[in-house]
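Protein chains get the first letters and strands the later ones, always in sequence-line order, with residue 1 at the start of each.
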2 protein chains.
Amino acid sequence: MTETDKSASAASPLDQFLCFSVYAAGLAFNRVYKPLLDRYGITYPQYLAIIALSARDGQKVSELGERLFLESNTLTPLIKRLEAAGLVSRRRDEHDERIVRVSLTDTGRALATEAQACIPAEILKASGLGENELRALNQQMTALGASLRGAV
Amino acid sequence: MTETDKSASAASPLDQFLCFSVYAAGLAFNRVYKPLLDRYGITYPQYLAIIALSARDGQKVSELGERLFLESNTLTPLIKRLEAAGLVSRRRDEHDERIVRVSLTDTGRALATEAQACIPAEILKASGLGENELRALNQQMTALGASLRGAV
DNA sequence: AACGATTAGATCGTGTGCGATTGTTATTCG
DNA sequence: CGAATAACAATCGCACACGATCTAATCGTT
């Protein structure tokens with residue numbers, strides 16, 4: 001394993017970039033999840049939104065956005081697709097009509113439960129990591145994200 | 001710092017997902033890069049493509065795709081935008097007309113040089129990591145991507 | 001030479017991300 | 001009270017990602 005390793009492709013300057021390995025790992029995660037999620041008819045970001053909703057129902061769009069690091073311009077259409085699929089419901093807050101609260105439907109909650117029961121194990125296997133390694137890497141990536149976000 | 005830490009948002013099941021911390025770090029990288037790249041009028045994926053091209057000129061679209069883990073359906077429009085911006089040139093291989101070879105123009109090469117001179121230092125700073133930590137994390141993410149890709 | 005099979009890239013439709021703007025509903029303050 | 005302001009979600013335009021399909025060029029076999 002030297003700097004002239006050709007196992008996958010010739011050495012590339014991209015190999016030196018953490019941003020690139022993160023980008024590429026993100027693409028790879030997406031591709032591993034896709035066939036698993038196709039069974040449920042949802043996309044990977046939709047899956048993340050459902051996980052976030054499974055923690056607490058009736059979250060505001062902006063709260064969901066804080067958890068997912070997304071804004072209404074991305075979330076509104078995504079949530080509407082989940083609504084069209086019958087997985088979530090949207091309703092205006094009765095005390096503040098500016099706010100839209102999102103909840104899982106029974107179907108959505110069942111999907112969240114079922115998906116969380118099968119998928120994580122498959123991902124763990126695909127990652128090639130042990131549970132402890134995965135947890136450690138997760139912490140580092142969480143910290144990295146926090147640093148990058150705070151660096152503005 | 002307990003499981004009820006509320007510093008950013010209440011604990012979320014997403015916190016347990018490596019895929020999510022990677023996803024969120026990817027979003028965060030994108031947002032750190034955006035103002036830096038806006039000066040050059042390019043996007044983050046375009047920047048990665050230019051870095052990949054700076055290693056070797058005249059790469060095939062498919063070679064570029066192997067480096068970036070993308071396919072022609074994504075790369076063709078991206079490269080055409082770079083061409084429209086005057087940063088790369090596209091020409092058919094003279095021995096095999098199916099192949100399109102992509103090269104940096106002088107402008108594109110100058111941009112690659114300049115961008116690589118300023119940006120990595122800013123990113124290192126924003127990441128909150130030391131050089132060694134960054135290198136170690138990069139290796140782990142590269143390995144993770146390789147595992148996920150091979151797991152199909 | 002001629003045919004089908006393979007390869008390379010381009011194209012199309014859908015779903016994110018995101019900067020910028022808009023519309024509507026609360027809140028603040030004169 | 002009423003006008004300015006702020007907050008919230010929605011909308012719009014553009015640029016990725018990606019499955020699916022298409023076209024054109026080459027290769028392999030006979």
task: Encode nucleotides 17-24 of chain D as B, S and - characters from 5' to 3', where the letter depends on protein heavy atoms closer than 4.0 Å: B to the base, S only to sugar-phosphate, - to neither.
output: BBBB----
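A side-chain donor from one of Arg135(B) and Asn132(B) sits under 3.5 Å from a side-chain acceptor of the other. Side chains of Arg67(A) and Gln59(A): a donor-acceptor N/O pair is present below 3.5 angstrom, by distance only.
Dense packing is recorded around CD of Glu63(B), with more than 12 heavy atoms of other residues, nucleotides or ligands lying under 6.0 Å away. Annotation for Asp38(A): atom CG counts as buried by contact number, over 12 foreign heavy atoms lying within 6.0 Å.
Atom-to-atom distance recorded for Leu129(B):CG and Ser147(A):OG is 6.5 Å, nearest 0.5 angstrom.
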task: Please step through ring-ring contact (aromatic ring centres under 6.0 Å, His included) for the pair Phe29(B) and Tyr23(A), ending with a clear verdict.
output: CA-CA 9 Å; Phe29(B) 263 125; Tyr23(A) 166 82; over 10 Å; no
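Checking dG9(C), dA10(C), dC16(D) against the side-chain heavy atoms of Thr76(B) singles out dA10(C) as nearest. Between dG9(C), dA25(D), dA9(D), one nucleotide has an atom nearer to the side chain of Asp96(B) than all others, and that is dA25(D). Side-chain proximity of Glu97(B) to dT11(C), dG9(C), dA25(D): nearest is dA25(D).
Comparing the local axis fitted to the first five base pairs of the helix from dA1(C)-dT30(D) to dG30(C)-dC1(D) with the one fitted to its last five gives a bend of 10°, rounded to 10°.
Separating the CD atom of Glu63(A) from the C1' atom of dA9(D) is a distance of 14 Å, rounded to the nearest angstrom. In this structure, Arg91(B) atom CZ and dG9(C) atom P are separated by 13 Å, rounded to whole Å. Spacing between atom NE2 of His95(A) and atom P of dT24(C) amounts to 23 Å, rounded to whole angstrom units. One interatomic measurement links the two molecules: CG of Leu64(B) to P of dA8(C), which rounds to 15 Å at whole-angstrom precision.
Nucleotides of DNA chain D nearest to Val100(A) and Gln46(B) differ in position, and the one nearer the 5' end is that of Val100(A).
At a threshold of 4.0 Å, the pair Arg101(B)-Asp57(B) does not count as salt-bridged, since none of the basic side-chain nitrogens sits closer than that to a carboxylate oxygen.
Arg90(B) comes within 4.0 angstrom of sugar-phosphate atoms only, judged by non-hydrogen atoms across all strands, and of no base. Using a 4.0 Å heavy-atom criterion, one finds that Arg81(A) contacts the bases of the nucleic acid, with or without backbone contacts as well.
Hydrophobic clustering (ILVMFWY, side-chain heavy atoms < 4.5 Å, transitive): Tyr47(A) and Phe69(A) are in one cluster.
Side chain of Asp96(A) to backbone of Asp93(A): no donor-acceptor contact under 3.5 angstrom is found. A donor-acceptor contact shorter than 3.5 Å is absent between the side chain of Thr74(B) and the backbone of Leu70(B). Judged purely by atom type and a 3.5 angstrom limit, Glu97(A) has no side-chain atom pairing as donor or acceptor with the backbone of Glu94(A).
Across residues 49-60 of chain A, not one residue has a non-hydrogen atom less than 4.0 Å from an atom of DNA chain C.
Here Thr43(B) reaches the OP1 or OP2 of dC16(D): one of its side-chain N or O atoms lies under 4.0 Å away.
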